[in-house]
Amino acid sequence: MQWKSNKLTYLKKQYADELYEFYEKGEANTILSILIKSFFGFSRIDIALNPDFRLSESEMLKLHFAVKELKNYKPVQYIIKKTDFLNVRLMVNESVLIPRPETEEMVSLIIDREKEEGLHVLDIGTGSGCIAIALAKNLKNPEVWGADISAGALSTASKNAFFNEVMIHLSEFDILKPTEPKALGEFDIIVSNPPYVTGSDKVLMKENVIRFEPHEALFVPGDDALLFYRAILYFAGEHLVKNGRIYFEVNELYGEKVTGLLSSQGYTSVELFKDINGKNRFVSGVKG
Ligand code: GLN
């Protein structure tokens, strides 16, 4: 490979120019900064303060191939294989959804509200384990379970729990199958960010999400937006204690439908919350 310069400032500028064809300018610069920080430990400020910093041949190659993946719309979190979620550092790969800021908001809400000691919490569709691990870390001595249909996701969640030094129980099961594991006991809290993207939403989604993120974590089969919520509430009938709390992340178009579902099943104090973008995004309720 022929390089014009091995100066990081030069390379960054050159790759940013190339990425403008694929991403909006601000996004291209942010992604590139994330990549450089993760690979070489240099933040934007570090680069500005060290304009003569140079990369070695192997470092340049690493950056070159990563930019190539970005041009293919691979999410930067999958390239650097990690992301942050509240005070949790997580390993991510293509068998798990990249945790979203909205989901952080839901977990913060749970942490703000649930102050009791020793709560039993179940996260259904745990993926990377982001919700389960953040709750295990931030509630008061909770006992946390994470369930998922995907063995790849559970293996990632298990490593993430280990690296974050928290104990969570992981269980492989399909919430849509009527024979859910009896071994799971009763919970004080059930939380879930289930697949909720419908076929009609799919056309509005970004290329990098559709091409790389696990479809079984995103798309609801058969366009039935409420499928998972119904299944989880059915499960909660047996496995959530009286006065136990449900927390759901929801598709912005179905917030009212999900609150309606909870109320129709006798849940009280049913609330619908908006995310930071003003979109209906979370629902909570107390089992009556
Ligand atoms: N909020 C995610 C997205 O828009 C979807 C998450 C989900 O389906 N639970 O990509």
Side-chain angles (χ1 to χ4, degrees), residues 23-24 27 30-31 73-78 83-86 88 90 92-110 122-135 146-150 152-154 156-157 160 173-176 190-233 235-236 246-259 261-262 272-284:
Y23 299 88
E24 175 273 312
E27 193 179 8
T30 303
I31 295 173
Y73 296 107
K74 186 165 185 168
V76 67
Q77 294 91 338
Y78 287 151
T83 193
D84 291 313
F85 183 87
L86 298 176
V88 178
L90 294 164
V92 291
N93 54 55
E94 288 170 50
S95 58
V96 300
L97 209 65
I98 296 164
R100 307 289 201 266
E102 300 89 285
T103 311
E104 281 183 313
E105 285 185 64
M106 176 173 70
V107 173
S108 299
L109 173 81
I110 301 174
L122 171 65
D123 172 26
I124 298 179
T126 199
S128 63
C130 59
I131 298 176
I133 294 167
L135 290 177
D148 208 287
I149 188 181
S150 152
L154 289 168
T156 307
N160 280 329
F173 81 92
D174 179 358
I175 189 71
L176 299 180
I190 293 180
V191 51
S192 185
N193 172 22
Y196 59 64
V197 180
T198 62
S200 41
D201 303 324
K202 192 174 173 180
V203 289
L204 303 171
M205 285 174 93
K206 285 191 178 173
E207 191 64 26
N208 50 359
V209 175
I210 296 183
R211 210 184 277 180
F212 290 95
E213 297 205 76
H215 285 192
E216 65 181 350
L218 286 169
F219 299 111
V220 62
D223 239 8
D224 175 4
L226 299 187
L227 182 68
F228 284 94
Y229 302 98
R230 270 192 249 103
I232 293 167
L233 289 176
F235 175 89
I246 282 271
Y247 292 93
F248 282 142
E249 185 175 319
V250 298
N251 182 324
E252 67 211 63
L253 303 174
Y254 292 89
E256 312 275 355
K257 288 244 161 62
V258 177
T259 53
L261 191 62
L262 261 81
L272 175 58
F273 301 87
K274 291 192 189 304
D275 65 19
I276 197 162
N277 300 312
K279 295 179 173 168
N280 286 338
R281 188 64 66 203
F282 323 108
V283 170
S284 71

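Order of appearance sets the numbers: ligands from 1, and atoms from 1 within every ligand.
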Legend entry - Flag for Ser192-Asp123: side-chain donor and acceptor within less than 3.5 Å: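 Distance-only check fails for Asp123 and Ser192.
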Legend entry - side chain to side chain contact (heavy atoms under 4.5 Å, CB included) involving Asp275 - partner list, sequence neighbours excluded: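 Glu102, Glu105, Asn277, Lys279, Arg281, Phe282.
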Legend entry - Other residues, nucleotides, ligands: >12 heavy atoms within 6.0 Å of Lys74 NZ: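 Count over threshold, so yes.
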Would you mind listing each N/O atom of ligand 1 next to any protein N/O under 3.5 Å, plus the distance?
unit_1	atom_1	unit_2	atom_2	d
ligand 1	1 (N)	Tyr196	OH	2.9
ligand 1	8 (O)	Tyr196	N	3.2
ligand 1	8 (O)	Leu218	O	3.3
ligand 1	9 (N)	Asn193	OD1	2.7
ligand 1	9 (N)	Pro194	O	2.7
ligand 1	10 (O)	Arg100	NH2	2.7

Inset, instruction - Apply the test side chain to side chain contact (heavy atoms under 4.5 Å, CB included) to residues Phe248 and Leu233: give CA-CA distance (whole Å), side-chain angles for both, the deciding distance (0.1 Å), then the verdict. - result: CA-CA 11 Å; Phe248 282 142; Leu233 289 176; 4.2 Å; yes
Give the table of side-chain donor-acceptor pairs shorter than 3.5 Å for residues 201-208, with sequence neighbours excluded, one pair per line with atom names and distance.
unit_1	atom_1	unit_2	atom_2	d
Asp201	OD2	Thr198	N	2.9
Asp201	OD2	Thr198	OG1	3.0
Asp201	OD2	Asn251	ND2	2.9
Glu207	OE2	Arg211	NE	3.0
Glu207	OE2	Arg211	NH2	2.9

Legend entry - Results of salt bridge (charged side-chain N to carboxylate O under 4.0 Å, His left out) for Asp223 - residues two or more places apart only: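 Counting only residues at least two positions away or on another chain, Asp223 forms no salt bridge (charged side-chain N to carboxylate O under 4.0 Å, His left out).
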